[in-house]
S.K.: 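Questions regarding the structure given below will be posed in turn.
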Amino acid sequence: MSEEADGSAELLATRRRKLRSLREAGVEPFPHEFDGVEPIAAVRAAHESLRDGEETDVRHRLAGRLAARRGQGKMAFLDLVDRSGRIQLQARVDELGPEGMEQLLGLDLGDLIGVDGAAFRSKRGELTLRVESFTLLAKSLRPPPEKHHGLTDVETRFRRRELDLMANEEARELFIVRARVISAARRFLDAEGFIEVETPVLQPLYGGAAARPFTTHHNALNREFYLRIATELYLKRLIVGGLERVYELGKDFRNEGVDSTHNPEFTMLEFYEAYADYEDIAARCERLVAYVAAEAGYSGEIDLTPPWERETLPQAILDRTGIDIGEHADRDALAGAMAARGLNVPPKDTWPQLVDELLSKHVEPTLSEPTFLMDYPVALSPFAKRHRSNPDLVERFEAYVGGMEIANAFTELNDPDEQRRRFEEQRALAGAGDMEAQPFDEAFLEALEQGMPPTGGIGIGIDRLVMVITGRQSIREVVLFPAMRD
RNA sequence: GCCGCCGUAGCUCAGUUGGCAGAGCAGCGGACUUUUAAUCCGAGGGUCGCAGGUUCGAAUCCUGCCGGCGGCACCA
């Protein structure tokens, strides 16, 4: 290979040269296995009490990525990183022999290796493994990120998450926390009598949320499918079927803008419970979040312990703006009241959109402590049951933490005739150009006509919950591969 | 979609008023037996996001485009 034009190619060529010479020396650079490895954290735990300078004859087998190298010649130190942590290795020529020493020090940062050796604590107090033997487990053909500053470029961290994970321990820890959140949520619901189900991701008709869908095409059936925007309607059909307590944890897809709280595909947990109402669901929601946070090792400033704050939406708007949405039941009256107080009135907004404007601008930002905002106008909520004491409202809540919505729940509408009327209203909205109106779902109506018990249900945004638990401000930090432009 | 900020070596970052594109780490050659971001010596490594423009001369100024971040709009 001739001289390379740029530094990158030169670095790659150097590593490929080493790969070649390893093979020529009879070393397999990509062996098939390395059995019996302990996590680095376990080795650390086993030798916590070692004094500085104290040696042991306890041998360990470790495997991981070579992350740093100090010293040359007859003695050197290297750092090995696995998922659980980092440990120092000591390479000595009197242990490995001149040839072994040269081979070990000839490895590149980023190479994956396995080592056997005895643990000791260095004079400086660092737990160290004295390498007795080592094996190359996989040759790395590209340079790793910088060893001290790590990888900080946000774009590279998201586009090449593998580099973020290998360079930044916080990134590894975050996604381990995320995994704990998800497994704890399953454990919680399993223990309370829920069964996990899987409903279609590819749907002939979408529904269950106000959002525009992605569409795709099935070749053999020669028809369009939608990627689901929610699991709601299928899960309620399972309640009709008698499964009584069901949950689904998986991806929803919404064809809308990307910002710090929205990714086009995101993880939603929905659960539905027969014979429950939205108060029961609120209680279960706050217990679930508190449990999950504890299981994930949450230690943030926001107190997630139940009971959370409860406010009604009309009262919350009244408190923050002085506007009683119940007394301004038509669009122009509400717009007038808002204008009279000097509030922004988007000229094309409908009444529900104005309520949403008041909510998002004047109420949401104040909800930093965990809060259930209860009782929404019926026009905003086509699947929620009418409030038992106020016919203009539905029994619905949204849960807010840190000024961000993390859950949406209601006492489910189970009167098929009223559901039909709600769909007809949605059809009228769609006819008027509302891209997010609910499509008319006859199969769902037939299911309700079969008889659905009184039911409470909820959707919890797992990505946002992970943001709360890990203290991150952007959903892209808690999604492994967030959506990016080409 | 609109506005603002940003994009320089594999990585982390400097780069003055428009005047030969730099450092650290990594890599390469060499020295070194206890380091903790090891140290020392030496030689390399660049489409300054891309494309135009202004200028004797552009990383630097202007325009457009691409990408990222933030805000607005949209949106749970």
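Numbers restart at 1 for each chain; the letters A, B, ... are given by sequence-line order, proteins then strands.
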S.K.: Counting only side-chain N and O atoms of A:R70, is one of them less than 4.0 Å from OP1 or OP2 of B:U36?
M.R.: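 So the side chain of A:R70 is outside the cut-off, no N or O lying under 4.0 Å from OP1 or OP2 of B:U36.
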S.K.: Please tell me whether A:Q203 and A:R228 have a donor and an acceptor in their side chains that are separated by less than 3.5 angstrom.
M.R.: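 Judged by distance alone, the side chains do not pair up.
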S.K.: Counting primed atoms plus P, OP1 and OP2 as sugar-phosphate and everything else as base, spell out the protein contacts along nucleotides 69-75 of chain B at 4.0 Å heavy-atom distance: B, S or - for each nucleotide, 5' to 3'.
M.R.: SS--S-B
S.K.: Describe the nucleic acid contact of A:S122 in one word from base, sugar-phosphate, nothing, applying a heavy-atom distance below 4.0 Å.
M.R.: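 It contacts base atoms.
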S.K.: Evaluate the side-chain proximity of A:E54 to A:F120: yes if any heavy-atom separation is below 4.5 Å, no if none is.
M.R.: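 No. Closest side-chain heavy atoms not under 4.5 Å.
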S.K.: By the 4.0 Å heavy-atom rule, please label A:L359 as base, sugar-phosphate, or nothing.
M.R.: base
S.K.: Would you check if A:I281 and A:F397 make a side-chain contact, meaning some heavy-atom pair closer than 4.5 Å?
M.R.: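 They are in contact (side-chain heavy atoms under 4.5 Å apart), so the answer is yes.
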S.K.: To the nearest 0.5 Å, what is the distance between CG on A:L202 and CZ on A:F253?
M.R.: 8.5 Å
S.K.: Do A:Y226 and A:Y206 make the cut of ring centroids closer than 6.0 angstrom?
M.R.: yes
S.K.: Any salt bridge between A:E232 and A:K236, counting N to O under 4.0 Å?
M.R.: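 Yes, this pair counts.
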S.K.: Give me the distance, rounded to whole Å, that separates B:C20 from B:C25 when you measure between the P atoms they each carry.
M.R.: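 Per the computed distance, 26 Å lies between those P atoms.
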S.K.: Taking the six-membered ring for Trp, are A:Y278 and A:F410 ring centroids under 6.0 Å apart?
M.R.: no
S.K.: Should the side chain of A:Q88 and the base of B:U35 be counted as holding a donor-acceptor pair, with the cut-off at 3.5 Å?
M.R.: yes
S.K.: Write out a two-atom table: protein N or O, nucleotide N or O from nucleotides 26-31 of chain B, distance below 3.5 Å.
M.R.:
residue, atom, partner, partner atom, Å
B:A26, OP1, A:K147, NZ, 3.1
B:G27, OP1, A:R69, NH2, 2.5
B:C28, OP1, A:K18, NZ, 2.7

